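Numbers here are sequence positions counted from 1. Keep in mind that this is a model prediction, so the values were computed, not measured.
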Amino acid sequence: MLHSLKVNQWIDLTSGYTLNRKGNELYQAFIPKLELGNYEAIVFCKEANSMGNKTVRLGQYDVKYDDYIVKKFEYLKNGDPIVQVNLIGGRGSSFGQ
């Protein structure tokens with residue numbers, strides 16, 4: 001999920017959940033054109049065979065998950081963004097380690 005902090009808008013970058021993958025496998029999401037400003041990239045994950053032990057509502061999206069990680073970034077230039085956000089490990093999260 002991508003969260004615009006400026007306008008409090010949520011964008012699903014994966015069109016729902018992706019297929020099973022290991023926490024250290026690369027996943028590339030295509031980011032739409034962005035307005036200048038501050039954003040959060042949020043990755044929610046579930047354990048294998050889990051339906052998600054926690055639920056959160058983000059805008060129009062109900063998300064079921066077991067763990068998550070957040071990475072904040074600032075988009076500084078107009079046009080198509082070239083943003084590389086590495087979401088490995090992180091505060092409060094155990095996945096990807």
Side-chain angles (χ1 to χ4, degrees):
M1 296 287 293
L2 185 65
H3 181 217
S4 168
L5 298 174
K6 181 178 180 181
V7 297
N8 194 30
Q9 177 185 15
W10 293 92
I11 302 166
D12 184 354
L13 298 174
T14 63
S15 298
Y17 290 100
T18 61
L19 298 175
N20 293 341
R21 65 182 66 247
K22 293 182 181 177
N24 61 354
E25 290 179 345
L26 180 64
Y27 177 80
Q28 182 175 349
F30 295 96
I31 298 174
K33 285 192 173 190
L34 300 176
E35 298 290 327
L36 298 176
N38 294 303
Y39 293 84
E40 295 175 316
I42 305 170
V43 174
F44 295 94
C45 63
K46 293 191 248 181
E47 298 288 334
N49 301 318
S50 172
M51 295 302 291
N53 293 319
K54 302 171 189 164
T55 303
V56 65
R57 179 136 180 106
L58 304 173
Q60 66 184 18
Y61 303 101
D62 289 317
V63 180
K64 295 181 87 51
Y65 66 98
D66 290 322
D67 203 355
Y68 72 96
I69 188 168
V70 177
K71 180 70 173 187
K72 293 183 180 185
F73 66 94
E74 184 175 9
Y75 182 53
L76 301 171
K77 183 180 176 184
N78 283 324
D80 294 327
I82 300 174
V83 178
Q84 182 173 346
V85 179
N86 294 320
L87 296 166
I88 298 176
R91 193 172 131 186
S93 178
S94 60
F95 84 89
Q97 295 181 0

**OP:** Any chance you could measure K46, atom NZ, to M51, atom CE, to the nearest 0.5 Å?
**Re:** 5.5 Å
Subject >> Contacts of type side-chain hydrogen bond (donor to acceptor under 3.5 Å, both in side chains), residue N38, not counting sequence neighbours >> reply: none
**OP:** Only counting residues at least two apart or in another chain, list the ones meeting side-chain hydrogen bond (donor to acceptor under 3.5 Å, both in side chains) with S50.
**Re:** D66
Subject >> Minimum side-chain heavy-atom gap S4-L34 below 4.5 Å >> reply: no
Subject >> Those residues that, when tested against E40, pass side-chain contact (heavy atoms from CB on, under 4.5 Å) (two or more places apart) >> reply: H3, L5, I42, V70, K72
**OP:** Would you mind reporting whether Y65 and V56 have side-chain heavy atoms less than 4.5 Å apart?
**Re:** yes
Subject >> Common cluster, Y75/V7, ILVMFWY with side-chain heavy-atom separation under 4.5 Å >> reply: no
Subject >> E47 CD to N53 CG distance, which is reported to the nearest 0.5 Å >> reply: 8.5 Å
Original post:
Tell me, do L58 and V63 make a side-chain contact under 4.5 Å, heavy atoms counted?
Top reply: yes
Original post:
Hey, what do you get for OG1 (T14) to CZ (F44), rounding to the nearest 0.5 Å?
Top reply: 10.5 Å
Subject >> Least distance between heavy atoms, M1 atom then D12 atom >> reply: SD-CA, 3.8 Å
Original post:
Aromatic rings F73 and Y39: how do their planes relate, parallel, tilted or perpendicular, breaks at 30° and 60°?
Top reply: parallel
